[in-house]
Amino acid sequence: MNAISKGSARFPHLRQDFTASLVVFLVALPLCVGVAVASGVPAELGLVTGIVGGIVTGLLPGSSLQVSGPAAGLTVLVFGTVDEYGLPALGVIVLAAGLLQLAMGALKLGGWFRAISLSVVEGMLAGIGLVLIAGQLYSAAGIEAPASGIDKITGLPGAAVDALGSTEALTSLALGAGTVAVLVLWRRLPKRVRTVPGALAAVGLATAVTAVFGLSVATVEVNGLLDSVQPPGADAFGELASVGILGTIVAFTLIASAESLFSAAAVDRLHNGPRTEYNKELMAQGAGNTVCGLLGALPMTAVIVRSSANVSAGARTKASRVMHGVWLLLFAALLPSVLALIPLPALAGILVHAGWKLIPFRSIVPLWRDHRGEALILVVTAVSIVAVNMFEGVLIGLALSVVKTAWEASHLKLEVVDKGAGPVQAHLSGNATFLRLPKILESLEALPQDRPVELDLSGLHHLDHACRTALENWAERHSATGTDPVKVTQPATAAV
């Protein structure tokens, strides 16, 4: 009794955390397997990343209730990487991305990810969601998907025609559609039933239907945990000399970090416990990805689905996420053969549903109504990811965001007062940057050439070098026409 009371005193929330860990484990299990299969790697590697996310990242400081593991948001990038460079190179890329995250956390750069435009992030997720849905529709029908995102989408009509002519494809597609239907309808069932996570219930029902009716559909290929874990060799490290590999490392780092820290901000809104320490969380993610890279596993991010399930289940400390990693480890070690029973169309259905939730349908219309520039950035980012690739699509979105911000920051007002006699007074206020230089010069050059001018710059908050030089040159030209020299009132604050 004394030992029990001491244990309760040391871990006062053990009961709540234990219950929450089981819920998160049941949510994470099908997602870990599904993300791995969709990424083109052995299913066990998804479990390895979930285990590392729970035990390694879960033990480190940062965000106490956020849960990490393989994420649907990186599926498209991982699949393309494995397809282009091979599975051995994946470990090196994830390892390097993890080390970069550790360095950025040590340099206290975690907070900067919060400055990324929300429209770029939502556009990124929307683009990933579109490509993910398109790719998994092929998998649901048992048809090989094209490589590029745009080919996946444009090839869907032809794939539908092929599926209609095949009984096996229709059976597989029906099983995937049934999985999506269970996921959609699960939230409408009584709360007592919903104690079982919807993803687990959908996969379990699909597996049972496949076994009972003897359906001829593809199932998960099982290699064994130890056989699947392949640390990168010396040859794989030689790939680091490739520019393409280096770009992929940067893409993994930026996307995984942004997704994790945005997830942390969302999780903080779900509970009243300790707030996220962003630099420490970035280092925790980096440590987890470093270990995943050494094991040749999938990259990890913090995952909002698992994290929200953790909070909703009553977790109070990081013990819940650590225990969920232990349950994943025990499952992978003791029950790996269970994976071979899971039909691939069911996992495709899980990921179609996950991809749909990545697309911000509800926010696009009000965003367009109130902030059309932000809505345009969101759409262009998503379309760029589909049309080109993940990394370049995000760069295009970031570039648009910077241009939009610079344009808005250079708001300028020119007021001309002409009383008919005496000097013409021109008042500039706002921010005079090179982006507004053509408008400034056009307005000033339209002033009467035979009248003296007083140029008042005292209302400017910012005057960059290009504008200052151009205004000085204009004043010299105007004064050279034989009128009195332009009188310039300088800004109150010196600006560069």
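Small disclaimer: the values here were computed from a predicted structure and weren't measured.
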Closest non-hydrogen atom pair, [X] against [Y]:
{"X": "Ala36", "Y": "Leu298", "result": "CA-CD1, 3.7 Å"}
{"X": "Ile51", "Y": "Gly325", "result": "CG1-O, 3.9 Å"}
{"X": "Leu347", "Y": "Val220", "result": "CD1-CG2, 3.6 Å"}
{"X": "Gly296", "Y": "Pro232", "result": "N-CD, 4.2 Å"}
{"X": "Ala297", "Y": "Thr49", "result": "CB-OG1, 3.5 Å"}
{"X": "Arg275", "Y": "Gly273", "result": "NH2-O, 2.9 Å"}

>> Could you go through Val78 and Phe252, starting from their C-alpha distance and side-chain angles, then the distance that decides it, and tell me whether this counts as side-chain contact (heavy atoms from CB on, under 4.5 Å)?
In response: CA-CA 9 Å; Val78 173; Phe252 271 88; 3.8 Å; yes

With heavy-atom distances below 4.5 Å as the criterion, would you say the side chains of [X] and [Y] are in contact?
{"X": "Val453", "Y": "Leu444", "answer": "no"}
{"X": "Gln425", "Y": "Lys487", "answer": "no"}
{"X": "Val184", "Y": "His353", "answer": "yes"}
{"X": "Leu47", "Y": "Leu29", "answer": "yes"}
{"X": "Leu74", "Y": "Ile255", "answer": "yes"}
{"X": "Val67", "Y": "Val27", "answer": "no"}
{"X": "Pro231", "Y": "Leu294", "answer": "no"}
{"X": "Gln285", "Y": "Ser257", "answer": "no"}

>> Show, in sequence, the C-alpha distance, side-chain angles and deciding distance for Trp474 and Val486, and conclude whether the side-chain contact (heavy atoms from CB on, under 4.5 Å) test is met.
In response: CA-CA 9 Å; Trp474 169 81; Val486 175; 3.9 Å; yes

> Passes side-chain hydrogen bond (donor to acceptor under 3.5 Å, both in side chains), Glu415 versus Ser429? Steps please.
Replying inline: CA-CA 8 Å; Glu415 184 180 1; Ser429 59; over 6 Å; no

From [atom1] ([X]) to [atom2] ([Y]), nearest 0.5 Å:
{"X": "Leu107", "Y": "Leu282", "atom1": "CG", "atom2": "CG", "answer": "10.0 Å"}
{"X": "Ile385", "Y": "Ile150", "atom1": "CD1", "atom2": "CD1", "answer": "13.0 Å"}
{"X": "Leu240", "Y": "Ile245", "atom1": "CG", "atom2": "CD1", "answer": "7.0 Å"}
{"X": "Leu447", "Y": "Asp418", "atom1": "CG", "atom2": "CG", "answer": "8.5 Å"}
{"X": "Leu261", "Y": "Asn279", "atom1": "CG", "atom2": "CG", "answer": "8.5 Å"}
{"X": "Arg194", "Y": "Arg187", "atom1": "CZ", "atom2": "CZ", "answer": "9.5 Å"}

Donor-acceptor contact below 3.5 Å, side chain [X] vs main chain [Y]:
{"X": "Gln66", "Y": "Ala264", "result": "yes"}
{"X": "Asp456", "Y": "Leu428", "result": "no"}
{"X": "Ser263", "Y": "Glu259", "result": "no"}
{"X": "Thr317", "Y": "Ala319", "result": "yes"}
{"X": "Asn289", "Y": "Ala97", "result": "no"}
{"X": "Ser401", "Y": "Gly397", "result": "no"}
{"X": "Thr301", "Y": "Ala71", "result": "no"}

With a 6.0 Å cut-off (strictly less than), is the heavy-atom count around [atom1] of [X], excluding the residue itself, greater than 12?
{"X": "Lys404", "atom1": "NZ", "result": "yes"}
{"X": "Asp235", "atom1": "CG", "result": "no"}
{"X": "Trp186", "atom1": "CH2", "result": "yes"}

>> Between Glu281 and Ser260, is the side-chain hydrogen bond (donor to acceptor under 3.5 Å, both in side chains) condition met? List the steps.
In response: CA-CA 8 Å; Glu281 178 62 19; Ser260 294; 5.7 Å; no

>> Tell me which one of Leu90, Val37, Leu87 satisfies side chain to side chain contact (heavy atoms under 4.5 Å, CB included) with Leu45.
In response: Leu87

> In a check of side chain to side chain contact (heavy atoms under 4.5 Å, CB included) between Cys467 and each of Leu441, Leu460, Leu457, Ile440, which one passes?
Replying inline: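 Considering Leu441, Leu460, Leu457, Ile440, a side chain to side chain contact (heavy atoms under 4.5 Å, CB included) with Cys467 is found only for Ile440.
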
>> With salt bridge (charged side-chain N to carboxylate O under 4.0 Å, His left out) as the rule and sequence neighbours excluded, what pairs involving residues 306-325 come up?
In response: none

Can you give me every donor-acceptor pair (side chain of residues 52-65, partner residue at least two apart or in another chain, under 3.5 Å) with its distance?
from  : atom 1 : to     : atom 2 : distance (Å)
Thr57 : OG1    : Ala284 : O      : 3.4
Ser63 : OG     : Thr276 : OG1    : 3.4

Counting only pairs under 3.5 Å, give me each side-chain donor-acceptor contact of residues 119-140, with atom names and distances, residues two or more places apart or in other chains.
from   : atom 1 : to     : atom 2 : distance (Å)
Ser119 : OG     : Glu374 : O      : 3.3
Ser119 : OG     : Glu374 : OE1    : 2.6
Tyr138 : OH     : Lys152 : O      : 2.8
Tyr138 : OH     : Gly155 : O      : 3.3
Tyr138 : OH     : Leu156 : N      : 3.2

>> For a side-chain contact (heavy atoms from CB on, under 4.5 Å) check, start with the C-alpha distance between Val267 and Ile304, then their side-chain angles and the critical distance, and finish with the verdict.
In response: CA-CA 7 Å; Val267 173; Ile304 190 61; 3.8 Å; yes

>> Assess the residue pair Val92 and Tyr85 against the criterion (side-chain contact (heavy atoms from CB on, under 4.5 Å)); give the C-alpha distance rounded to whole Å, side-chain angles, the decisive distance to 0.1 Å, and a yes or no.
In response: CA-CA 11 Å; Val92 174; Tyr85 302 110; over 6 Å; no

